[in-house]
K.L.:
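Encoded as structure tokens, here's the structure I'll be asking about.
Counting from 1, the numbers follow the sequence of the chain as shown. Both ligands and their constituent atoms are indexed starting at 1 by order of listing.
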Amino acid sequence: MTKPNLLSGMQPSAGSLHLGNYLGALVNWTKMQDDYNAFYCVVDLHAITVPQEPAQLRQNTRITAAQYLAAGINENKSALFVQSHVPAHAQLAWVLMTLTGFGEAGRMTQFKDKSQKAGADAASVGLFTYPVLQAADILLYQPKAVPVGEDQRQHLELTRDLANRFNSRFGETFVIPEAVILKETAKIYDLQNPEAKMSKSGDPKGLVNIMDESSLIAKKIKSAVTDLDGVVRFDRENKPGVSNLLGIHSAISGQSVESLTAHFEGQGYGALKTEVLEVVLGAIEPIRDRANELLADPAELDRLLAKGAAKANEQAEKTLGIVYDRIGFIPARR
Ligand code: ATP
Ligand code: LTN
């Protein structure tokens, strides 16, 4: 039996992924690659919707790919590739833009947030059409499943709408993809501001990066915000800091929050932080070290990415060929 397809991606917009990206998305990607024919993409075309320094973008793209591999994405099971290596993404995005309403794109909340931050004149048309490019990323691979965080639900709805619209206008072409949204425990919060999600744009002291030195991670976890109550107990509303630490422990160790609460009974926050640090370092150190090894040999890394791009191009060109034909473009002679 052939496995169903799956696609997901992350932007190379920082020098490291953070604990939220890892526990919220990447861990699930590594698990799903056994049951799906998976395509994992580093979305560099999306990254340039906000200004990027060229040398930095190049480096961040390799760092992001190295972390996918180090976390357990297996290049023999899954296609790991860079978006700009597959021209069909930009080509299908153009077609889908002609099917997207101006008002429809304007309702995307991520665009509204990001353009507000940038200011009306600084926000580019690329930022406006970002979700349409994302729809193209997805639909090219005919995936059944798209594992993403809760924040991506609206973009997945747009993708499904565009796929249905194309299918009803030009005939059955695209598989309608399902969002696979991760469960609540996989949402990680800022260590300094535990009501907000951990984010690269948040407080650097509240952000645990996979590529951080262990001593820096220790400092960040030891100074995580807690409360004055002194009891280790899970209560998101009244004890967000302690609950976040328990959530991180549980997401990595696989122990339930209830059994952890029992385990820490009669102990203070110092003991909790010491153990959270231990499990976090246990998970992150091997990934960081392996990522650094991969980055020491960029030629080998680029070879792996070329292999992924070949697999991705094969599938993407097949879909684009059907789309071009259905639309009424005459075949290009080669
Ligand atoms: P950031 O807020 O750090 O910019 P992002 O959502 O823009 O995060 P991406 O690289 O675009 O980052 O997202 C990669 C994946 O990581 C997405 O599927 C997203 O839902 C997930 N993710 C990001 N932050 C968290 C978090 N704090 N907890 C769980 N999952 C997260
Ligand atoms: N917009 C997504 C990143 C992204 C993506 C995709 C995710 C771009 N293309 C295709 C899944 C499938 C984000 O900000 N997390």
Side-chain angles (χ1 to χ4, degrees), residues 5-29 32 38-50 60-61 63-65 67-68 71 81-84 86 89-90 92-93 96 108-111 113-114 117 126-127 129-141 143-160 162-163 177-204 206-210 240 244 247-248 251-252 312 316:
N5 287 357
L6 173 157
L7 176 121
S8 199
M10 288 196 214
Q11 300 192 59
S13 46
S16 175
L17 297 178
H18 57 70
L19 197 59
N21 300 140
Y22 173 64
L23 295 174
L26 202 48
V27 170
N28 217 39
W29 291 11
M32 291 180 87
F39 293 86
Y40 293 121
C41 184
V42 180
V43 293
D44 55 350
L45 300 178
H46 277 108
I48 64 164
T49 56
V50 296
N60 288 351
T61 301
I63 293 177
T64 305
Q67 288 175 96
Y68 285 7
F81 67 103
V82 175
Q83 190 186 27
S84 63
V86 182
H89 289 244
L92 181 61
L96 296 176
M108 295 294 118
T109 53
Q110 186 175 300
F111 169 72
D113 292 349
K114 287 195 181 178
K117 270 186 206 155
L127 190 64
T129 59
Y130 176 118
V132 186
L133 177 59
Q134 182 168 351
D137 296 344
I138 296 169
L139 297 178
L140 282 172
Y141 298 91
K144 243 178 102 154
V146 183
V148 283
E150 179 61 42
D151 53 330
Q152 295 301 306
R153 194 183 284 282
Q154 197 188 26
H155 289 171
L156 261 294
E157 273 313 307
L158 176 71
T159 303
R160 291 162 58 87
L162 290 173
E178 294 282 347
V180 178
I181 311 259
L182 303 151
K183 60 181 195 309
E184 174 63 22
T185 51
K187 183 160 178 192
I188 306 302
Y189 296 81
D190 189 313
L191 296 178
Q192 286 301 317
N193 176 20
E195 265 120 32
K197 77 160 197 168
M198 186 178 283
S199 162
K200 54 187 168 273
S201 50
D203 183 343
L207 176 70
V208 174
N209 286 307
I210 291 186
N244 188 35
I248 292 172
I252 300 175

K.L.:
So does Val148 get a backbone contact from the side chain of Gln152, meaning a donor-acceptor N/O pair under 3.5 Å?
P.N.:
no
K.L.:
Is it the side chain (CB and beyond), the backbone, both or neither of Asp151 that lies under 4.0 Å from ligand 1, heavy atoms counted?
P.N.:
side chain
K.L.:
Heavy atoms only: which of Gly247, Gly149, Ala14, Ser8 is nearest to atom 18 (O) of ligand 1?
P.N.:
Gly149
K.L.:
Which ligand 2 atoms are under 4.0 Å away from a heavy-atom of Val148?
P.N.:
7 (C), 11 (C)
K.L.:
Does a donor on one side chain and an acceptor on the other come within less than 3.5 Å for Thr159 and Gln134?
P.N.:
no
K.L.:
Whether the side chain of Asp203 engages the backbone of Gln192 through a donor-acceptor N/O pair (distance < 3.5 Å, no angle test) should be reported.
P.N.:
no
K.L.:
Does any N or O of ligand 2 fall below 3.5 Å from an N or O anywhere on Gln134, backbone included?
P.N.:
yes
K.L.:
Counting heavy atoms only, which of Gln11, Lys200, Lys114 comes nearest to atom 4 (O) of ligand 1?
P.N.:
Lys200
K.L.:
Using a 3.5 Å distance criterion without hydrogens, assess whether the side chain of Asn193 forms a donor-acceptor pair with backbone atoms of Asp190.
P.N.:
no
K.L.:
Just which atoms of ligand 1 are under 4.0 Å from any heavy atom in Met10?
P.N.:
10 (O), 14 (C)
K.L.:
For Asp137, is at least one N or O under 3.5 Å away from an N or O on ligand 2?
P.N.:
yes
K.L.:
Would a distance-only check, ignoring hydrogens and angles, find a side-chain to backbone donor-acceptor pair under 3.5 Å from Ser16 to Ile210?
P.N.:
yes
K.L.:
Considering all heavy atoms of both residues, which atom of Leu23 and which atom of Ala251 are nearest to each other, and what is their separation?
P.N.:
CD1-CB, 4.1 Å
K.L.:
Looking at ligand 2, would His46 count as a contact under a 4.0 Å heavy-atom criterion?
P.N.:
yes
K.L.:
Is there a polar contact, in the sense of an N or O pair closer than 3.5 Å, between Ser199 and ligand 1?
P.N.:
yes
K.L.:
Just by distance, no angles: are the side chains of Ser84 and Asp44 close enough, under 3.5 Å, to form a donor-acceptor pair?
P.N.:
yes
K.L.:
Go through ligand 2 atom by atom and flag the ones less than 4.0 Å from a non-hydrogen atom of Gln152.
P.N.:
1 (N), 2 (C), 13 (C), 14 (O), 15 (N)
K.L.:
Quick one: does ligand 1 sit under 4.0 Å from the side chain of His18, the backbone, both or neither, non-hydrogen atoms only?
P.N.:
side chain
K.L.:
Looking only at protein heavy atoms, which one is nearest to atom 7 (C) of ligand 2, and what is the separation?
P.N.:
Gly9 O, 3.4 Å
K.L.:
List the steps, then state whether side chain to side chain contact (heavy atoms under 4.5 Å, CB included) holds for Gln11 with Thr64.
P.N.:
CA-CA 8 Å; Gln11 300 192 59; Thr64 305; over 6 Å; no
K.L.:
Will you find, in the side chains of Gln83 and Asp137, an N or O donor that is under 3.5 Å from an N or O acceptor?
P.N.:
yes
K.L.:
Which atoms of ligand 2 sit under 4.0 Å from any heavy atom of Val43?
P.N.:
8 (C), 9 (N)
K.L.:
Considering the heavy atoms of Tyr130, write down every atom of ligand 2 situated less than 4.0 Å from one of them.
P.N.:
1 (N), 2 (C), 3 (C), 13 (C), 14 (O)
K.L.:
Relative to atom 23 (C) of ligand 1, which among Ile188, Val43, Asn21, Asn244 owns the nearest non-hydrogen atom?
P.N.:
Asn21
K.L.:
Should one rank Ser201, Gly9, Gly20, Ala47 by closest heavy-atom distance to atom 30 (N) of ligand 1, which comes out on top?
P.N.:
Gly20
K.L.:
Counting each atom of ligand 1 from 1 as listed, which ones have a heavy atom of Val148 under 4.0 Å away?
P.N.:
18 (O)
K.L.:
Is it true that a side-chain atom of Glu195 and a backbone atom of Pro240 form a donor plus acceptor pair closer than 3.5 Å?
P.N.:
no
K.L.:
Take atom NZ of Lys144 as the centre, draw a 6.0 Å sphere, and report whether it contains more than 12 heavy atoms from other residues, nucleotides or ligands.
P.N.:
no
K.L.:
Measure the acute angle between the ring planes of Tyr40 and Tyr68, then classify it against the limits of 30° and 60° as parallel, tilted or perpendicular.
P.N.:
perpendicular
K.L.:
Please identify which atoms of ligand 1 are closer than 4.0 Å to at least one heavy atom of Met198.
P.N.:
24 (N), 26 (C), 27 (N)
K.L.:
Out of Asn21, Thr159, Leu139, Leu7, whose heavy atom sits nearest atom 12 (C) of ligand 2?
P.N.:
Leu7
K.L.:
Which atoms of ligand 2 sit under 4.0 Å from any heavy atom of Ile138?
P.N.:
10 (C), 12 (C)
K.L.:
Given Lys187, Lys197, Gln152, which has its nearest heavy atom closest to atom 8 (O) of ligand 1?
P.N.:
Lys197
K.L.:
Under 6.0 Å between ring centres, would you say that holds for His155 and Phe111?
P.N.:
no
